[in-house]
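For reference, the structure discussed in these notes is given below.
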Amino acid sequence: MTILILGSGGREHTFAWKIAQSPLCEKLFVAPGNSGTAQVATNVDINVTDFEAIKVLVLKENIEMVVVGPEDPLVKGIHDFFLNDETLKHVAVIGPQKAAATLEGSKEYAKEFMFRHKVPTAAYQSFDASSVEKGFAFLEQLQPPYVLKADGLAAGKGVLILEDLDTAKTELKNMLINAKFGTASSTVVIEEFLDGIELSCFVLTDGKHYKILPTAKDYKRIGEGDTGLNTGGMGAVSPVPFATKDFLEKIEERIVKPTINGLVEDGLPYKGFVFIGLIKVGEDPKVIEYNVRMGDPETEVVLPRLKNDLVEIFSAIAEGRLNEIDIEIDERAATTVMLVSGGYPEAYEKGMEITGLEYIDDSIPFHAGAKLENGKIVTSGGRVMAITSYGNTYQEAIKKSYQSIDKLNFDKMYYRKDIGFDL
Ligand code: AMP
Ligand code: GLY
């Protein structure tokens with residue numbers, strides 16, 4: 001089978017690494033890809049939301065399966081685009097259709113879905129420019145910290161957590177009236193703050209059946225001890241040690257089942273990954289958000305632990321027979337540490353040569369913001385590379401990742417030295 005992966009991050013390199021191992025994959029393309037995907041696939045310089053150019057590529061190369069990495073093309077309806085085109089509708093697209101992708105594309109929609117299907121989550125209300133005053137009144141009823149969320153996609157930056165009531169009011173106004181996050185913040189969800197420890201649960205679904213993948217925990221803040229600005233993710237650990245069997249059962253019964261049943265009841269067509277962001281409040285899981293794709297860098301620890309042939313799983317999803325698959329998980333822990341460009345998540349430089357990759361033998365370097373230039377691998381983004389390792393414990397795996405990182409270098413390289421510190 002000829003397969004196309006859309007995206008260019010560490011997540012997509014991990015997908016490419018895993019899919020390339022499948023005997024069912026004869027030819028693999030990644031658009032646009034990076035220096036890592038170039039090692040196992042053919043990169044094609046096409047933007048993930050340029051559906052017409054993707055169509056031309058799919059027809060020219062007889063591509064039979066498209067695996068969608070990021071949310072943008074899903075929220076814009078790439079799966080529907082394929083289904084509505086006579087020449088493309090036979091292609092298996094892994095990722096939900098537009099209506100279901102709204103679970104990530106609109107926080108208000110996701111909250112309504114959760115309440116409709118009794119999925120435990122934080123209490124909330126939503127507001128627009130015509131109801132700012134009501135928003136102020138709602139904030140006054142809540143206890144700090146205040147959680148303000150832009151309804152639409154804001155590249156992971158649309159959530160503000162504020163200690164002070166006046167600041168919360170000002171920011172609410174900035175979002176609704178001054179378009180702080182553009183049209184993404186023309187509606188704002190204000191929710192109750194949930195105090196607890198976060199983890200992520202990943203579910204595969206064909207729209208009827210589901211399979212749960214290993215849990216993972218990512219480290220979003222730039223600074224050690226979870227301080228400083230939010231990033232796309234600085235590292236991850238799988239499995240999550242505090243996700244005991246009992247707690248996982250609660251997640252499945254209270255969250256996964258009502259979510260999948262909710263998709264069926266609401267007629268939301270879904271073939272792909274459901275990424276459920278959770279917070280453990282006391283002994284109970286509550287949903288923070290849905291994403292309609294895999295996480296990054298969580299993919300870099302979850303997929304390496306999956307023993308199955310991923311193409312076999314994707315084919316089962318496309319054909320609505322995911323129930324026939326038995327998921328097999330590697331007992332070992334996996335960890336990843338993200339190397340980032342100095343300055344990230346604010347301004348940073350690109351084009352720094354990355355050296356030492358040839359000395360890494362005990363970890364898997366998944367390339368993210370890295371590209372090939374004149375035969376050299378150079379930085380091309382904020383998050384540059386995720387260094388994944390296995391271990392009998394997560395501590396052992398983390399140690400290996402740090403030992404591998406000691407062999408790597410690029411100008412102004414930064415990484416957190418405390419991944420797993422809170423476990
Ligand atoms: P999101 O973009 O929805 O993942 O939110 C970004 C981050 O904000 C989450 O990873 C949490 O750390 C935090 N967060 C979001 N909603 C809440 C909430 N209701 N209570 C506490 N923290 C939250
Ligand atoms: N690591 C968080 C995300 O992929 O959204």
Side-chain angles (χ1 to χ4, degrees), residues 7 9-12 14-15 68-72 74-75 103-111 114 119-126 139 142-163 168 175 181 184-185 188-202 215-222 226-238 240 273-282 284-303 336-338 340 345 366 368 382-383 386 416 419 422:
R11 168 180 53 211
E12 287 76 20
T14 314
F15 273 126
V68 187
E71 62 276 15
D72 223 24
L74 294 167
V75 173
L103 286 173
E104 177 162 0
S106 163
K107 305 250 184 216
E108 183 183 34
Y109 181 84
K111 295 297 282 193
M114 288 184 241
V119 175
T121 185
Y124 80 105
Q125 283 189 28
S126 51
L139 284 170
L142 296 173
Q143 298 300 315
Y146 305 95
V147 183
L148 271 52
K149 300 186 169 183
D151 176 61
L153 292 184
K157 297 190 174 74
V159 176
L160 301 180
I161 298 184
L162 305 160
E163 288 297 331
M175 289 167 93
F181 300 107
S185 65
V188 171
V189 170
I190 301 181
E191 40 177 77
E192 160 202 16
F193 179 82
L194 298 174
D195 197 7
I197 186 161
E198 283 179 54
L199 73 157
S200 303
C201 165
F202 300 94
T215 52
K217 183 175 191 334
D218 83 336
Y219 291 81
K220 288 203 176 83
R221 304 294 198 92
I222 189 73
D226 285 342
T227 55
L229 292 173
N230 251 322
T231 71
M234 296 296 292
V237 174
S238 178
V240 179
F273 293 93
V274 193
F275 163 170
I276 310 178
L278 299 168
I279 194 153
K280 181 175 183 249
V281 183
D284 298 319
K286 296 199 177 195
V287 176
I288 293 184
E289 62 168 350
Y290 290 116
N291 294 304
V292 297
R293 52 174 173 84
M294 276 301 285
D296 191 353
E298 293 93 329
T299 306
E300 289 93 306
V301 292
V302 171
L303 286 191
T336 200
V337 178
M338 190 66 78
V340 306
F366 290 118
R383 291 195 297 164
R416 272 181 63 170
I419 299 304
D422 56 341

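For the single chain, residues carry numbers from 1 onward in sequence order. For ligands, and for the atoms within them, numbers begin at 1 and follow the listed sequence.
- Salt bridge Arg293/Asp72: absent, no basic N to carboxylate O contact under 4.0 Å.
- The shortest N or O to N or O distance between Glu192 and ligand 1 is under 3.5 Å.
- The shortest N or O to N or O distance between Arg293 and ligand 2 is under 3.5 Å.
- Leu139 is listed as a side-chain neighbour of Leu148, based on a closest heavy-atom distance under 4.5 Å.
- The protein atom (non-hydrogen) at minimum distance from atom 16 (N) of ligand 1 is Lys149 NZ, 3.0 Å.
- Here Leu194 has heavy atoms under 4.0 Å from ligand 1 in both its backbone and its side chain.
- The protein heavy-atom contact nearest to atom 4 (O) of ligand 1 is Glu289 OE2, 2.6 Å.
- Between Met294 and Thr14, the closest side-chain pair of non-hydrogen atoms is not below 4.5 Å.
- A donor-acceptor pair under 3.5 Å is formed between the side chain of Ser238 and the backbone N or O of Thr215.
- A salt bridge does not link Lys149 with Glu289: none of the charged nitrogens is closer than 4.0 Å to a carboxylate oxygen.
- Residue contacts with ligand 1: Phe193 is placed with no nitrogen or oxygen under 3.5 Å of a nitrogen or oxygen of the ligand (distance criterion only).
- Atom numbering of ligand 1 starts at 1 in the shown order; those under 4.0 Å from a heavy atom of Lys107 are 1 (P), 2 (O), 3 (O).
- Checked by distance only, ligand 2 and Glu298 come closer than 3.5 Å through their nitrogen or oxygen atoms.
- Heavy-atom distances between Arg11 and ligand 2 stay at or above 4.0 Å for every pair.
- Protein heavy atom closest to atom 12 (O) of ligand 1, with residue, atom name and distance, is Glu198 OE2, 2.3 Å.
- For the pair Asp151 and Lys107, the minimum side-chain heavy-atom distance is below 4.5 Å.
- Contact of the Pro345 side chain with the Asn230 side chain is not registered, since no non-hydrogen atoms from C-beta on lie closer than 4.5 Å.
- Of all atoms in ligand 2, listed by their number and element, those nearer than 4.0 Å to a heavy atom of Asp218 are 1 (N), 2 (C).
- In summary, the atoms of ligand 2 found under 4.0 Å from a heavy atom of Gly295, numbered by their order in the structure, are 4 (O).
- Annotation for ligand 2: atoms under 4.0 Å from non-hydrogen atoms of Gly232 are 1 (N), 2 (C).
- Checked by atom type and distance alone, the side chain of Thr299 never pairs as donor or acceptor with a backbone atom of Arg11 at under 3.5 Å.
- Summary of contacts: the protein heavy atom closest to atom 7 (C) of ligand 1 is Val159 CG1, 4.5 Å.
- Near Glu191, meaning under 4.0 Å from any of its heavy atoms, are these atoms of ligand 1: 16 (N), 17 (C), 18 (C), 19 (N).
- In the vicinity of Ile161, heavy-atom distances shorter than 4.0 Å reach the ligand 1 atoms 8 (O), 13 (C), 14 (N), 22 (N), 23 (C).
- Using a 4.5 Å cut-off on side-chain heavy atoms (C-beta onward), Arg383 and Asp296 make contact.
- Under the 4.5 Å side-chain criterion, counting only non-hydrogen atoms from C-beta, Leu278 is not in contact with Glu198.
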